[in-house]
Amino acid sequence: MKRIKYFGFMSKFGELINAQVPVLIDFYTEWNESSVIMHPVIRDVAAALGDRAKVIKIDVDKNQELAEALRIKGLPTLMIYKEGQMVWRQSGELDANTIINLVQDQV
């Protein structure tokens with residue numbers, strides 16, 4: 001099973017989003033109920049996508065500067081980057097199939 005990367009350093013954000021494959025980012029906190037509900041969904045998405053995409057979880061409490069720079073307001077906030085450019089963004093809960101389809105559209 002593919003491991004989800006947990007991100008803790010803003011300086012590496014540019015490197016992460018410049019991948020050759022689409023990058024799905026889940027901005028979350030452990031105290032937000034919707035964020036917690038999405039944990040198993042994101043795991044399922046990562047498993048389904050395998051090497052066709054990167055899946056990264058970013059704790060906004062530990063990365064407040066990045067969260068502010070990206071204007072993260074609602075949680076969870078999901079973003080898809082392709083070659084360094086944000087191509088999709090949405091806050092709130094989504095099902096795994098919807099997320100998988102959105103990412104696969106960028107492959």
message: Listing request: all salt bridge (charged side-chain N to carboxylate O under 4.0 Å, His left out) pairs with a residue in residues 32-42, at least two apart in sequence or in separate chains.
response: none

query: Below 4.5 Å, heavy atoms only, C-beta onward: do Asp59 and Tyr28 meet side chain to side chain?
result: yes

- prompt: Can you tell if the side chain of Val41 reaches within under 4.5 Å of the side chain of Leu94, non-hydrogen atoms only?
  reply: no

Close side-chain approach of Ile80 and Met86, heavy atoms under 4.5 Å: no

- prompt: Minimum heavy-atom separation for Thr29 to Ser35, with atom names?
  reply: O-CB, 3.2 Å

field: Donor on one side chain, acceptor on other, Asp95 and Thr98, under 3.5 Å
entry: yes

query: Short question: side chain of Lys57, backbone of Asp26 - any donor-acceptor pair under 3.5 Å?
result: no

Minimum side-chain heavy-atom gap Ile72-Arg89 below 4.5 Å: yes

message: According to side chain to side chain donor-acceptor pair (under 3.5 Å), who are the partners of Glu93, at least two apart in sequence or on a separate chain?
response: Ser34

query: Do Trp31 and Asp61 have side-chain N/O donor and acceptor atoms under 3.5 Å apart?
result: yes

- prompt: Are side-chain heavy atoms of Lys82 and Val23 found at a separation under 4.5 Å?
  reply: no

task: With the side chain counted from C-beta on, respond yes when Ile25 and Leu78 share a heavy-atom pair under 4.5 Å apart, and no when they do not.
output: no

